[in-house]
Amino acid sequence: MEKMWAGRFTKALDKEADDFNSSIHIDSVMYKQDITGSMAHAAMLAKQGIISKDESEKIIECLGEIMEDISEGNLMVDMNAEDIHMFVESELTKRIGDTGKRLHTARSRNDQVAVDVRMYLRDETEEVIKLIKELLSAILSQAKENILTIMPGYTHLQRAQPITFAHQILTYAMMFTRDITRLNDAIKRMNVCPLGSCALAGTTYDTDREFTASKLGFDSYSLNSIDGVSDRDFMVELLSAYATIMMHLSRFSEEIILYSSWEFKFIELDDSYTTGSSIMPQKKNPDIAELVRGKCGRVYGDLIGTLTMLKSLPLAYNKDMQEDKESIFDALETVKKCLSVFSPMIATMKVLKDNMYKAAQKGFINATDLADYLVKKGMPFRSAYKIVGTLVGYCVENNTVLDEIPLEKYQEFSELFAEDLYHEITLETCVEKRISQGGTGKKSIEKQIEYVTEFIK
Ligand code: ARG
């Protein structure tokens with residue numbers, strides 16, 4: 001295929017170099033955005049008297065047909081084309097001849113790619129947000145079922161204090177609500193239209209960039225044309241938001257993996273989200289959660305790859321930038337796939353409440369509450385802490401638990417201990433009495449559920 005830019009060359013591009021140079025395999029997914037951008041451009045050219053109204057209408061009509069033909073599978077994108085911008089333009093010229101050749105007035109591929117990718121990522125981010133909201137719904141349904149499900153809360157992966165499973169799982173909901181706000185923030189800064197920057201310096205034609213920007217749903221147009229074609233900050237921001245989503249998913253996955261092990265047995269994943277072993281008949285492996293955990297590294301790689309590609313790049317457009325789409329599309333697809341399998345896995349998992357409760361009975365997780373008991377009776381916290389520490393030592397040595405030490409023994413440690421201590425250190429009391437805002441008590445959990453429910457709307 002002859003290149004659009006063939007004029008000054010005496011030889012064709014070497015075949016292998018041509019393949020190497022082409023980005024059609026990655027940017028063909030942006031055909032709709034490319035065509036929509038071209039339609040707005042053609043309308044602007046006519047409005048400004050740069051091409052005739054007839055020509056503009058002819059171009060727009062034909063572009064519409066090309067879009068339909070590709071969408072319906074009647075036109076295959078030619079994988080020998082250099083990129084999607086060249087493909088659409090050459091198809092247009094093939095269909096309407098010289099009129100088609102007028103489209104590429106007062107614009108360059110540099111602003112085309114910059115505008116197409118922004119529109120594409122804008123649409124796709126909506127999709128990602130929808131998927132995160134599905135995950136939030138799955139978390140909510142588990143939280144609502146487990147407002148009173150007591151389990152050990154951990155620090156350093158050591159049993160620390162009793163909490164409810166609703167409290168634990170709603171932590172992830174908080175992370176994912178922030179992820180949505182991060183994506184929306186990135187989109188706000190990204191929604192600036194570079195179209196009309198042309199190669200880099202603007203153009204001698206009297207164009208109207210405000211018109212194309214608003215026609216394409218942008219909030220404004222880029223004020224500096226060099227920046228318009230060379231800025232890829234929005235990709236770095238989006239990639240870092242994707243990487244953060246994956247980091248959150250990897251932490252969540254890790255807990256799902258731990259919880260479904262025999263060592264914990266806090267949950268059981270549904271058969272449809274687990275796999276067996278080829279040799280060990282008893283195995284039920286959390287492969288989906290493990291894969292999500294693993295794919296986190298891949299998305300970090302996409303972020304670091306893009307930052308590194310951009311490092312030290314001189315202004316304005318450089319071909320290095322063609323690599324941007326490889327990374328960001330890979331990250332985007334990975335995040336979407338991970339979210340799509342993760343939500344139903346969470347929604348269908350079975351919470352083994354009894355096992356959680358049994359685990360909470362071990363590990364002296366009511367020790368803080370016993371210290372608080374003494375504080376409420378007038379002892380300074382540091383002294384209470386020390387007495388309870390000694391009591392825990394006594395329990396370890398005598399193979400017993402705080403709930404089972406007789407009162408007389410307790411009173412050897414402090415005279416403040418009385419019969420009511422036993423009620424104060426039941427797991428139920430420990431949880432119910434955590435009435436502070438944001439704590440594990442019922443009221444706070446209900447408030448969190450309400451917040452996430454409102455957020456999804
Ligand atoms: N395929 C190119 C990319 O993805 C489009 C822009 C090419 N511009 C240029 N002057 N070679 O970055």
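Whatever order the structure lists ligands and atoms in, that order sets their numbers, starting from 1. Small disclaimer: the values here were computed from a predicted structure and weren't measured. Values reported hereafter were calculated over all heavy atoms of this structure, with side chains retained and with hydrogens, waters and symmetry mates removed.
- Here the CG atom belonging to D78 is positioned 11.0 Å from the OG atom belonging to S28, to the nearest 0.5 angstrom.
- The protein heavy atom nearest to atom 10 (N) of ligand 1 is N110 OD1, 3.2 Å.
- You'll find the side chain of K295 stays beyond 4.5 Å of the side chain of K337, heavy atoms only.
- Under the 3.5 Å distance criterion, with hydrogens and angles disregarded, no donor-acceptor pair is assigned to the side chains of Y154 and E255.
- In this structure, the protein non-hydrogen atom closest to atom 5 (C) of ligand 1 is D83 OD2, 3.5 Å.
- Among all non-hydrogen protein atoms, the one lying nearest atom 11 (N) of ligand 1 is R109 NH2, 3.7 Å.
- Closest protein heavy atom to atom 4 (O) of ligand 1: K325 NZ, 2.8 Å.
- Salt-bridge annotation for E61 and K58: absent, with no side-chain N of the basic residue lying under 4.0 Å from a carboxylate O of the acidic one.
- We find that E89 and R109 are not joined by a salt bridge, their nearest charged nitrogen and carboxylate oxygen being 4.0 Å or further apart.
- Looking from atom 3 (C) of ligand 1 to the surrounding protein, the closest heavy atom is Y317 OH, 3.2 Å.
- A salt bridge links R189 with E237: the closest approach of a Lys/Arg side-chain nitrogen to an acidic carboxylate oxygen falls below 4.0 angstrom.
- If you look at E82 next to ligand 1, there are no close heavy atoms at all, none under 4.0 Å.
- Atom 2 (C) of ligand 1 has Q322 OE1, 3.2 Å as its closest protein atom, hydrogens excluded (heavy atom only).
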